[in-house]
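Down below is the structure, laid out as structure tokens.
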Amino acid sequence: MIDYVTIRNKIVSGLYKHLNHPIVPADQTANRPPYPFVTYKFVSLYTPETGFKSIHQQNDLNPDADITQVYTEQPTMVLSLTAISKQDIDSADLAQRIRDWFTIQGYDYLKELNIVVVEATAINDRSTLMIDEYEVKYGFDVRIRVLDKVTLTKSRIVIANTNRVE
């Protein structure tokens, strides 16, 4: 089973250590942190990848032992990140630092956690008009691959032969 909370927390904490800027969920109504800051949103939580699913069954020679089946798959997730500031250069610089972390500095950190960066898209302008001034936003998406592992334990059912001939 994918632990979405742990994946989110590991990415956010690693990125925060690198940037030292607030990283908050996108689309929130809570008070926003001071500029510059980063928003994130998982836009795709589970895209199965063809050819990565496997099923492993452990058989025990003991007829009374349970049967264990392990299903594994390596789906991808898409995370959208946006650097927000009042100044063009601050937002663009922060977006580049975020992208560099995913593709260079944070790549091995995430890989050790079974989170593999598959792709980081181009950085694009996502600025918005806020009544009478612009909020400068630059962002991109990151596609990551995670491990989905489900273990099932089934009890063996032993049926006695009741068709005796005497």
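On a predicted model such as this, the values are computed, not experimentally measured, just so you know.
- Hydrophobic clustering (ILVMFWY, side-chain heavy atoms < 4.5 Å, transitive): Val150 and Leu147 are in distinct clusters.
- Heavy-atom minimum distance, Ser91 versus Ala83: OG-O, 2.7 Å.
- For Lys137, the NZ atom sits in a packed shell: over 12 heavy atoms of surrounding residues, nucleotides or ligands are nearer than 6.0 Å.
- Linking Ile, Leu, Val, Met, Phe, Trp and Tyr whenever their side-chain heavy atoms come within less than 4.5 Å puts Val136 and Ile23 in one cluster.
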*Could you check Glu49 against Thr76 for side chain to side chain donor-acceptor pair (under 3.5 Å), going step by step and ending with a plain yes or no?*
CA-CA 7 Å; Glu49 293 291 318; Thr76 58; 3.3 Å; yes
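- Cluster membership for Val117 and Val38, using ILVMFWY side-chain heavy atoms within less than 4.5 angstrom, is shared.
- A heavy-atom distance below 4.5 Å is not found between the side chains of Met77 and Thr47.
- Summarising the geometry, atom CG belonging to Leu110 is positioned 10.5 Å from atom NZ belonging to Lys10; distances are rounded to the nearest 0.5 Å.
- Taking each heavy atom of Pro75 and Ile2 in turn, the nearest pair found is CG-CD1, 3.8 Å.
- Between Leu19 and Leu94 there is a side-chain heavy-atom pair separated by less than 4.5 Å.
- Applying the side chain to side chain donor-acceptor pair (under 3.5 Å) test to residues at least two apart or on different chains, the pairs with a partner in residues 96-108 are Gln96-Asp100.
- Partners of Arg8 under the side-chain hydrogen bond (donor to acceptor under 3.5 Å, both in side chains) rule, at least two apart in sequence or in another chain, do not exist in this structure.
- Side-chain contact between Asn124 and Tyr138 is absent, with no heavy atoms from C-beta onward closer than 4.5 Å.
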*After noting the C-alpha distance and the side-chain angles of Asp148 and Tyr46, does the key distance pass the side chain to side chain donor-acceptor pair (under 3.5 Å) rule?*
CA-CA 10 Å; Asp148 182 14; Tyr46 196 104; 2.8 Å; yes
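- No side-chain heavy atom of Val24 sits less than 4.5 Å from a side-chain heavy atom of Arg32.
- Side-chain heavy atoms closer than 4.5 Å link hydrophobic residues (I, L, V, M, F, W, Y) into clusters, and following such links, possibly through other members, connects Val116 to Val12.
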*Please lay out, stage by stage, how Tyr35 and Glu135 fare under the test side chain to side chain donor-acceptor pair (under 3.5 Å).*
CA-CA 10 Å; Tyr35 294 109; Glu135 186 172 64; 2.5 Å; yes
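- To the nearest 0.5 Å, atoms CG (Leu79) and CD1 (Ile7) are separated by 10.5 Å.
- Atom CD1 of Ile89 has 12 or fewer neighbouring heavy atoms from other residues, nucleotides or ligands inside a 6.0 Å radius.
- Note that CZ of Phe102 and NE2 of His18 are 10.5 Å apart. Values are rounded to the nearest 0.5 Å.
- Taking all atoms of both residues into account, the shortest heavy-atom contact from Ser13 to Tyr109 is OG-OH, 3.6 Å.
- To the nearest 0.5 Å, atom OH of residue Tyr40 and atom CG of residue Leu81 are 10.0 Å apart.
- Both Tyr16 and Ile11 are assigned to one and the same hydrophobic cluster, defined by single-linkage of ILVMFWY side chains at heavy-atom distances under 4.5 Å.
- Separation of atoms CG (Asn114) and CZ (Arg145) is listed at 12.5 Å; rounding is to 0.5 Å.
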_Determine whether Thr72 and Gln74 satisfy the following criterion, side chain to side chain contact (heavy atoms under 4.5 Å, CB included), listing intermediate values before the conclusion._
CA-CA 7 Å; Thr72 57; Gln74 296 178 18; over 6 Å; no
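- Residue pairs that meet the side chain to side chain donor-acceptor pair (under 3.5 Å) test with at least one member in residues 77-86, sequence neighbours left out, are Ser80-Arg126, Ser80-Asp141, Thr82-Arg126, Lys86-Glu133.
- Separating the CD1 atom in Ile123 from the CZ atom in Phe140 is a distance of 6.0 Å, to the nearest 0.5 Å.
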